[in-house]
Amino acid sequence: MYQVVPGGAGGTNTDVLPKQKHNRDTRPLVGAGVIGLVLVIAAVAAWCYYIASLRKAELFKTQLLDLNKDGYIIRNQGGSIVFRMDFRSGTLDLDSCTKEGEILRCGATTDRKLKFFIKTVQPKDTVQCYRVRWEELVPDIPVEHAMTYKSAHWYGGAVSAAQRWPISLSGHQAPKPFVTSDIYSNHNEFGGILESYWVSSNATAIKINNSVPFHLGWNDTEKTMYFQARYNDSPFKPNPGEAPCAELSYRVCVGLDITSIHKYMVRRYFNKPNKVPAKVMFRHPSWSTWALHKTDIDQEKLLAYAANIRKHNFNCSQLELDDRYTRRYGDFDFDQTKFPNASAMFQKLKSDGFLVSLWVHPFINYDSENFHSCVERGLFVREPTGRLPGLVRWWNGIGSILDFTNPEAREWFSSKLRSLRSRYGLSSFKFDAGEANYLPWQFSTRTHIRDPSFFTRRYTEMAIPYNDRAELRSGYQSQNISCFFRPIDRDSVWGYEFGLKSLIPTVLTLSILGYQFIQPDMIGGNAYLNRTVGNRVLPDRELYIRWLELTAFMPSMQFSIPPWEYDTEVVEIARKYTALHESIVAPRVLELAGEVLDTGDPLIRPLWWIATGDETAYKIDSQFLIGDDLMVAPVLEPGKQERDIYLPAGHWRSYKGERFDIKKPLHLTDYPVDLDEIAYFLWV
């Protein structure tokens with residue numbers, strides 16, 4: 001019988017078969033289906049994530065540079081990592097980054113907003129450059145990037161007290177102002193000639209922009225250099241009306257080899273000389289009164305010094321009258337007690353064929369007759385309020401420093417030099433000091449300067465009217481001043497700290513920084529008490545001879561301690577090497593000097609210049625090249641009459657007439673070099 005159940009439409013149940021229970025054996029099939037579905041979904045999600053990751057990775061690549069949240073790396077054309085920079089002032093928020101063509105931009109770190117970009121520039125097929133800029137938007141937050149230097153040899157930066165080639169850093173140094181300093185007074189600072197430029201054996205170079213408030217530090221344990229921008233607790237100052245928001249901007253360029261990338265950087269970013277100094281300054285030595293007489297110079301001694309130069313048959317490009325010819329520092333006329341008849345003295349020197357250069361400096365001591373009038377006229381660098389002149393201590397007392405950003409101070413100083421030149425017929429001037437460390441820590445100038453080292457640039461400009469024969473010991477962006485630059489005073493010792501061994505690394509560093517017309521300071525050093533081998537009055541005889549031999553292969557020579565203070569053999573050696581300098585070295589240097597105006601290429605070159613990719617050549621600091629075809633290997637050790645010499649591959653002839661036709665570099669072990677010899681080799 002049917003059973004009728006009441007209900008509306010669709011509510012009638014007509015089941016006639018009883019419900020059956022699922023078989024227990026079908027449950028694994030259902031589970032497998034669920035798992036399969038999950039796996040399919042996971043695979044699709046993984047594929048989507050993979051595609052997104054590829055797109056994300058592509059976003060943070062530009063040419064051979066890979067950016068991540070903590071820094072970036074750069075590869076060369078062969079795929080090897082040649083440059084690594086880490087961000088120490090924040091972690092980039094990669095979600096804030098975008099890519100537009102060859103520009104990567106990011107707008108934030110994980111905790112604040114900023115402006116960051118990397119722009120790729122390919123100026124030529126063999127060079128790839130990257131412009132990097134990190135700009136903080138909040139005042140007084142420093143920007144710091146850390147460059148790894150362990151995988152290459154680096155060169156450049158600044159001269160230093162214990163110069164090494166390549167750069168050798170020790171210990172841990174927190175970032176400090178990268179400004180010109182007198183390293184003879186403070187051995188731990190950066191030197192009086194510097195540029196924020198470095199080049200490496202990995203064919204990589206970095207140039208910090210001149211607008212950056214740049215501080216440099218390092219950690220030798222981690223093998224990193226710290227590049228920091230900051231205004232807080234710093235002599236750098238933002239422009240008036242600008243918030244002190246730090247910006248670190250620089251260029252990194254990668255090339256095929258170290259020589260070609262350096263050539264590119266010099267042509268692109270450095271000033272170049274616009275003329276060659278007087279040829280006679282390259283051919284004949286200059287003679288300074290300093291090391292021989294120090295401040296105990298007077299009219300009688302100067303005339304006797306000149307007479308002895310002629311008596312011993314030496315040439316003289318100019319006679320340099322050094323400190324101290326005035327009564328007080330800051331005066332601009334002769335002390336009548338020491339120089340009772342300066343006019344007659346100069347007439348006598350002129351009639352004997354001598355041109356005379358005079359030592360000058362930027363300081364006016366408080367007891368000088370000029371101090372009060374300069375204060376009244378506002379010619380000095382002032383303390384921060386601008387109301388009072390800033391007093392500074394320098395090696396000859398206490399005074400103020402002329403403000404060379406002030407046109408009136410520049411003209412006042414120039415007029416004093418013109419007056420001296422006109423009255424006494426002077427040939428030129430030796431411009432001493434000029435380093436930024438002689439500015440008060442907080443200072444004000446007539447024209448605002450962001451970078452204290454720009455004061456050095458302004459001071460070096462005072463030498464331009466005299467650049468045929470002028471000499472400077474400080475420089476910053478000053479390559480186009482076109483005069484001779486010298487390292488700071490050398491001690492009469494053998495070692496790397498201001499000694500003979502420091503000379504080649506220092507000259508090579510100056511050359512890499514674009515300063516090619518180099519006067520390598522006085523032969524034998526300055527003979528300072530307690531800074532001379534054996535604490536003698538004169539430099540050690542052997543040291544003097546080896547120094548003389550080395551200097552003969554530099555762009556210019558300068559005597560102070562004369563060779564006749566020793567014996568006739570030293571005099572003969574001095575005649576031999578001044579003649580060799582004039583006949584062999586000067587013609588080659590003058591030929592190269594003409595090319596410098598266009599190229600900026602060094603006159604004095606490291607061995608790697610012609611041996612790129614040669615690991616040994618990167619580390620040699622006791623040999624050098626003049627151009628590409630004259631290699632010099634002086635003896636720099638006491639008691640030695642032999643040395644090891646490294647000859648790059650090529651065709652060489654030694655000064656003894658030996659021929660070396662070699663397809664691979666050659667080590668000459670214990671090569672004999674007598675006391676009156678210096679080893680040199682010509683490319684044939």
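This chain uses plain numbering: 1 for the first residue, then up along the sequence.
Atom-to-atom distance recorded for His172:NE2 and Glu222:CD is 7.0 Å, nearest 0.5 angstrom.
Listed here is the closest heavy atom pair of Ser96 and Ala108: OG-N, 3.2 Å. Residues Met225 and Leu216 come closest through the heavy atom pair CE-CD1, 3.9 Å. Listed here is the closest heavy atom pair of Leu603 and Phe517: CD1-CD2, 4.1 Å. The two residues Ser474 and Phe485 come nearest to each other via the heavy atoms O-CE2, 3.4 Å. Of all heavy-atom pairs between Asp521 and Asp489, the closest is OD2-CA, 3.4 Å. Ala243 and Pro238 get closest at one heavy-atom pair: O-CB, 4.2 Å.
A salt bridge does not link Asp220 to Lys150: none of the charged side-chain nitrogens sits closer than 4.0 Å to a carboxylate oxygen. Classification of Arg469 and Glu320 as a salt-bridged pair fails, no side-chain N sitting under 4.0 Å from a carboxylate O. Salt-bridge annotation for Arg230 and Glu144: absent, with no side-chain N of the basic residue lying under 4.0 Å from a carboxylate O of the acidic one. The existence of a salt bridge linking Arg387 and Glu383 is excluded, since no basic side-chain nitrogen approaches an acidic carboxylate oxygen closer than 4.0 Å. Ion pairing between a basic and an acidic side chain is recognised when a charged N comes within 4.0 Å of a carboxylate O; Asp451 and Arg457 show no such pairing. Electrostatic pairing of Arg473 and Asp182 counts as a salt bridge here, judged by a charged N lying under 4.0 Å from a carboxylate O. A salt bridge links Arg486 with Asp432; the closest basic N to acidic carboxylate O contact falls under 4.0 Å. Salt bridge status for Glu136 with Arg112: present, with a side-chain N to carboxylate O gap under 4.0 Å.
None of Phe60, Trp134, Tyr130 except one satisfies the side-chain contact (heavy atoms from CB on, under 4.5 Å) rule with Ile118; the exception is Tyr130. Just one residue in the list Trp395, Trp394, Phe363 forms a ring-ring contact (aromatic ring centres under 6.0 Å, His included) with Tyr329, and that residue is Trp394. Each of Gln228, Arg88, His215 was compared with Pro142 under the side-chain contact (heavy atoms from CB on, under 4.5 Å) criterion, and only Gln228 meets it. Exactly one of Phe178, Tyr149, Trp198 qualifies for a ring-ring contact (aromatic ring centres under 6.0 Å, His included) with Phe227. That residue is Trp198.
The neighbour count for Asp111 CG, taken as heavy atoms of other residues, nucleotides or ligands under 6.0 Å away, is above 12. More than 12 heavy-atom neighbours from other residues, nucleotides or ligands sit within 6.0 angstrom of CD on Glu408. For Arg84, the CZ atom is loosely surrounded, since the number of other residues' heavy atoms within 6.0 Å does not exceed 12. More than 12 heavy atoms of other shown residues, nucleotides or ligands fall within 6.0 angstrom of atom CZ in Arg421. Other residues, nucleotides and ligands contribute only 12 or fewer heavy atoms inside 6.0 Å of the NZ atom of Lys113. Within a 6.0 Å radius of CZ in Arg393, other residues, nucleotides and ligands contribute 12 heavy atoms or fewer. Within 6.0 Å of OH in Tyr366 there are 12 or fewer heavy atoms belonging to other residues, nucleotides or ligands.
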| request: Just do the side-chain contact (heavy atoms from CB on, under 4.5 Å) check on Phe431 and Leu417 with the steps written out, would you? | output: CA-CA 11 Å; Phe431 293 83; Leu417 302 188; 3.8 Å; yes

| said: Let's go through Trp441 and Asp233 carefully: what are the C-alpha distance in whole Å and the side-chain angles of both, what is the deciding distance for side-chain contact (heavy atoms from CB on, under 4.5 Å) to 0.1 Å, and is it a yes or a no? | reply: CA-CA 10 Å; Trp441 176 253; Asp233 188 29; 4.1 Å; yes

| query | After noting the C-alpha distance and the side-chain angles of Asn186 and Asn437, does the key distance pass the side chain to side chain donor-acceptor pair (under 3.5 Å) rule? | reply | CA-CA 10 Å; Asn186 190 335; Asn437 72 295; over 6 Å; no

| field | Candidate pair Asp403 and Arg458, rule salt bridge (charged side-chain N to carboxylate O under 4.0 Å, His left out), full reasoning | value | CA-CA 9 Å; Asp403 180 0; Arg458 283 286 180 246; over 6 Å; no

| query | Checking side chain to side chain donor-acceptor pair (under 3.5 Å) for the pair Asn209/Ser249: CA distance, chi angles, key distance, verdict? | reply | CA-CA 6 Å; Asn209 288 357; Ser249 54; 3.0 Å; yes

| request: Check the pair Lys272 / Asp598 against salt bridge (charged side-chain N to carboxylate O under 4.0 Å, His left out), numbers first and verdict last. | output: CA-CA 8 Å; Lys272 296 172 191 63; Asp598 296 322; over 6 Å; no

| request: Decide yes or no on side chain to side chain donor-acceptor pair (under 3.5 Å) for Thr120 and Thr62, but give the supporting numbers first. | output: CA-CA 7 Å; Thr120 303; Thr62 175; 2.5 Å; yes

| query | Hey, mind stepping through Val252 and Tyr72 against side-chain contact (heavy atoms from CB on, under 4.5 Å) and telling me if it holds? | reply | CA-CA 12 Å; Val252 180; Tyr72 61 89; 4.0 Å; yes

| said: Could you walk me through whether Asp257 and Ser260 satisfy the side chain to side chain donor-acceptor pair (under 3.5 Å) test, starting with their C-alpha distance in whole Å, then the side-chain angles of each, then the deciding distance to 0.1 Å, before giving a yes or no? | reply: CA-CA 6 Å; Asp257 58 67; Ser260 63; 3.2 Å; yes

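Put simply, the side chain of Phe380 reaches to within 4.5 Å of the side chain of Leu402, judged on heavy atoms. Using a 4.5 Å heavy-atom threshold, the side chains of Phe455 and Val381 count as touching. Counting heavy atoms from C-beta outward, Ser400 and Ile364 have side chains that stay 4.5 Å or more apart. A 4.5 Å side-chain heavy-atom check between Asp93 and Cys106 finds every atom pair outside the cut-off. Counting heavy atoms from C-beta outward, Met147 and Trp154 have side chains that approach closer than 4.5 Å. At a threshold of 4.5 Å between non-hydrogen side-chain atoms, the residues Glu411 and Pro407 do not count as touching. Residues Lys207 and Ser196 form a side-chain contact, since some pair of their non-hydrogen atoms from C-beta on lies under 4.5 Å apart. Between Tyr325 and Leu358, some side-chain heavy-atom pair lies under the 4.5 Å cut-off.
In this structure, Tyr155 and Trp165 have tilted ring planes: the angle between them lies in the 30° to 60° band. Taking the six-membered ring where the residue is Trp, Tyr197 and His262 present tilted rings, their angle falling between 30° and 60°. Using cut-offs of 30° and 60° for the angle between ring planes, the Tyr459 and Phe404 rings count as tilted. Taking the six-membered ring for Trp and thresholds of 30 and 60 degrees, His145 and Phe87 have ring planes inclined between 30 and 60 degrees apart.
Between Phe236 and Phe214, the distance from one ring center to the other does not fall under 6.0 angstrom.
The closest donor-acceptor contact from the side chain of Thr91 to the backbone of Thr110 lies at 3.5 Å or more, if one exists at all. A distance-only check finds no donor-acceptor pair linking the side chain of Thr204 to the backbone of Val254 [under 3.5 Å]. The main-chain N or O of Arg410 is found under 3.5 Å from a side-chain atom of Ser414 such that the two form a donor-acceptor pair.
Annotation: cation-pi pair Lys176/Phe190 present, NZ/CZ under 6.0 Å from the ring centroid and within 45° of its normal. Relative to the ring axis of Phe484, Lys430 does not place its NZ or CZ within 45° and under 6.0 Å from the centre.
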